[in-house]
Chemist: 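Have a look at this one.
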Amino acid sequence: MKRTIRFESEIGPAGALLASMKAVQQALAGSDGLSADQMAERLQEWQTLVSNLAGGVKRGAELATLYEVTQVINSSLDLTETLNLVMDLLIHLTGAERGCLMLLDEDGVLQIRAARQFELGSVDSADLELSHTVVQQSVENAQPVLTTNAQVDPRFSAQESVIGYNLRSIACVPLHVRGRVIGALYLDNRMKEGVFCEADLPMLKAFANHAAVAIENARLYTVTDQALAARVEELTTLQQVDRELNASLDLERVLELTLSWALRATRAEEGVLCILDKEGAVQTVATSNGGGAPALPEPETVKMALRASDPIVVGRLRILVPVRFEGQVIGLLDLRNNGGLLFRPEHAQLAGRLADHAAAAIENARLYEKVRQANEAKTEFVSFVAHELRTPMTSIRGYADMLAREMVGNLNPRQLQFVHIINGNVTRMQILVSDLQDISRIETGKMRFEVVPTPLSVSLQNALEVTQAQIDARSQKLTVEVPEDLPRVRADPTRLTQVLINLLGNANKYTPERGSIHVRVWANGSCVHCAVSDTGIGISPEDQAKLFTKFFRSENAAVREMPGTGLGLCIVKSLVELQGGEIQVESQLGEGTTFEFTVPAVAEA
Ligand code: ADP
């Protein structure tokens, strides 16, 4: 026997067998022969060697299968495909009839992930009649469980499933990942007993470990993949929300948009978005069905949300999100589900991120609304004051005129000079008041136009009559160029005269004495153009950028010594544009300026 072992260790079971057979052959051929006992001993030896040989072959097959499994596992990230292949290989290798792989779900319940049957492939996991006791024991103790015949195994023979399903050979191995049991591998054979033995366990454990790693990898891959997809979707949504929100400064619209996006993102059935003042009182509201139900949040709920720094899920049917801007709670988003989908913390977090994005837009819209209201109040006030000033000014002018005409007695030259100064200043005040009234009318959309077909030359003539004296006073040279066949324009003649008086007035004011003013009118396409040019002080490029804005006057000393309000060009631009035209300026500092505007022409037959 000892010799056999030596043989085997040196030359392997096959060599040992051959050597032993050769020795028997020689003994039989020789004169001594072999006794019956010796023959029996040899036969015993051969049996052992043959069984060792068979074991070697089986181990070889096991290793090949294990290699195959590893290849499958490493080459696929599709978990179901991997698990099915692993189970098929195991069934094939162990002689099992069926096999399944079970994983513990979030609630600790085992869920079958792959169920396979010899030569049949997939089986419905609901039809899999297996021993839950064996599985439970294996998972709870984190140890393999093996029975060669459950029918006679005292541990299981009394189990209902063992009797009912006629179970015999069973092997179950737990799946471990980082010291934690994540599921179990179950194999059985209902027909044959003794299919599995202790010697199979190391191999089954190796399979189980490989499968566990594959499952974990696939799970991580899926989780990462899903998380990435969710993140991309969320970012796309937020980008869209930002785009839509930034396009509007209307508070109601911004609230509606935010609410509808929040409802969509969280799949809430209904919701309310309130704007709160500093005391937490509800100011403005948007509701998911336009003002009817749902009800506003109760004062206690508002208080709770004001205290909370993060969104909260209440009873899984309600999400409360404080809308914060620069650390201050400016609103409350209240999303509800009446029994349908249950909210999870992720829903609240998503709604929170959405509210963060919306907060700036809400605040902007809120500020814009305040500014708009303040502007409206200012316009109303200006209009009121201008109106109220008209009567006393008319009275001052009337009395000053009477004095100037010496209707109430003679004035000495000094008194006469003072009365003229009063008259001059009243005229300036009247212009200012009239400009302010025009601006108020333009801003409130109350400017009226009597648009008729009218020759621009007539309005120009009227404007020149008003400004001629000023132009002469500064000894300026005026030239006018109007073609005879000029088409009429579609405009309010009075407002057109007002535009021309303003432009001529400016050309006169901002051109030094003996300078030139040139007016050119011409038709082009569907418009009549009018350009008022001067050889005056000109306008710097920086000042040109601010022209046409309310109260703008250049810092230039030559401008400041002239009377003016900075309202004229602003009114001119509105009057031109409200009548369907355009205005532009071209100027060189120190050389002169040209204002050119257009008026729609009447299509003459
Ligand atoms: P105002 O003449 O009462 O100051 P306007 O609105 O008519 O107000 O003009 C605004 C400003 O534009 C003027 O103060 C002046 O600085 C500049 N400006 C307007 N017209 C001319 C011009 N023809 N030449 C130079 N500067 C001009």
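Counting convention: from 1, in listed order, for ligands and their atoms alike. Atom set for the values below is all heavy atoms of this structure, side chains included, hydrogens, waters and symmetry mates excluded. We number each residue from 1, following the sequence as shown.
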Chemist: Okay, side chain of Glu596, backbone of His529: is any donor-acceptor separation there less than 3.5 Å?
Modeler: no
Chemist: Name the closest protein heavy atom to atom 3 (O) of ligand 1, giving the residue it belongs to and the distance to 0.1 Å.
Modeler: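 Answer, as residue, atom name and distance: Thr565 N, 2.8 Å.
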Chemist: Mind checking what makes side-chain contact (heavy atoms from CB on, under 4.5 Å) contact with Pro493, not counting sequence neighbours?
Modeler: Val452, Thr454, Ser459
Chemist: Going by the order shown, which atoms of ligand 1 are within less than 4.0 Å of some heavy atom of Ser554?
Modeler: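 That gives atoms 14 (O), 16 (O) of ligand 1.
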Chemist: Would you mind checking which non-hydrogen protein atom is closest to atom 7 (O) of ligand 1, with the distance to 0.1 Å?
Modeler: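 Sorting protein heavy atoms by distance from atom 7 (O) of ligand 1 puts Asn506 ND2, 2.8 Å first.
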Chemist: Got the closest protein heavy atom to atom 26 (N) of ligand 1, with its distance?
Modeler: Ile539 CG1, 3.3 Å
Chemist: Got a second to check how far Leu235's CG is from Gln240's CD, nearest 0.5 Å?
Modeler: 12.0 Å
Chemist: Indicate yes or no: does an N/O atom of Tyr510 lie under 3.5 Å from an N/O atom of ligand 1?
Modeler: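 So ligand 1 has an N or O lying under 3.5 Å from an N or O of Tyr510.
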Chemist: Students should be able to answer this: which protein heavy-atom is nearest to atom 4 (O) of ligand 1, and at what distance?
Modeler: Arg553 NE, 2.5 Å
Chemist: Side chain or backbone of Leu547 under 4.0 Å from ligand 1, or both, or neither, by non-hydrogen atoms?
Modeler: side chain
Chemist: Identify whether the distance between the nearest side-chain nitrogen and carboxylate oxygen of Arg441 and Asp438 falls below 4.0 Å.
Modeler: yes
Chemist: Looking only at distances, can you tell me whether any N or O atom of Leu569, backbone or side chain, sits closer than 3.5 Å to an N or O atom of ligand 1?
Modeler: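 Leu569 vs ligand 1: N/O contact under 3.5 Å present.
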Chemist: What protein heavy atom sits nearest atom 11 (C) of ligand 1, and how far off is it?
Modeler: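 Atom 11 (C) of ligand 1 sits closest to the protein heavy atom Phe552 O, 3.6 Å.
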Chemist: Within the distance-only criterion (no hydrogens, no angle test), does the side chain of Glu443 pair as donor or acceptor with the backbone N or O of Thr379 below 3.5 angstrom?
Modeler: no
Chemist: Of all the atoms in ligand 1, which lie at a distance below 4.0 Å from a heavy atom belonging to Lys509?
Modeler: 1 (P), 2 (O), 3 (O)
Chemist: I'd like to know whether ligand 1 has Gly566 as a neighbour, heavy-atom separation below 4.0 Å.
Modeler: yes
Chemist: Quick one: pull up SG in Cys570 and CG in Asn502 and give me the separation to the nearest 0.5 Å.
Modeler: 10.5 Å
Chemist: Closer than 4.0 Å to some heavy atom of Gly564 - which atoms of ligand 1 meet that?
Modeler: 3 (O)
Chemist: Does Lys509 reach the main-chain N or O of Pro563 with its side chain, forming a donor-acceptor pair under 3.5 Å?
Modeler: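 Pair found, side chain donor or acceptor close to backbone of Pro563.
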Chemist: Is ligand 1 under 4.0 Å from a heavy atom in the side chain of Met562, in the backbone, in both, or in neither?
Modeler: neither
Chemist: Give yes or no for whether the N/O distance cutoff of 3.5 Å, strictly under, is met between Pro563 and ligand 1.
Modeler: no
Chemist: Flag the pair Arg366 and Glu369 as a salt bridge only when some basic side-chain nitrogen lies within less than 4.0 angstrom of an acidic carboxylate oxygen.
Modeler: no
Chemist: Strictly below 4.0 Å, N to O, side chains only: are Glu555 and Arg560 in salt-bridge contact?
Modeler: yes
Chemist: If you measure from the Lys or Arg side-chain nitrogens to the Asp or Glu carboxylate oxygens, is any gap between Lys546 and Glu542 under 4.0 Å?
Modeler: no
Chemist: What do we get for Asp534 next to ligand 1 when only non-hydrogen atoms under 4.0 Å count, side chain, backbone, both or neither?
Modeler: side chain
Chemist: Test: ring-ring contact (aromatic ring centres under 6.0 Å, His included). Region: residues 320-348. Which pairs qualify, not counting sequence neighbours?
Modeler: Phe343-His347
Chemist: For Val559 and ligand 1, does the shortest N/O to N/O distance drop below 3.5 Å?
Modeler: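 Checking ligand 1 against Val559, no N or O pair falls under 3.5 Å apart.
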Chemist: Answer yes or no for Phe548: is there a heavy-atom contact with ligand 1 below 4.0 Å?
Modeler: no
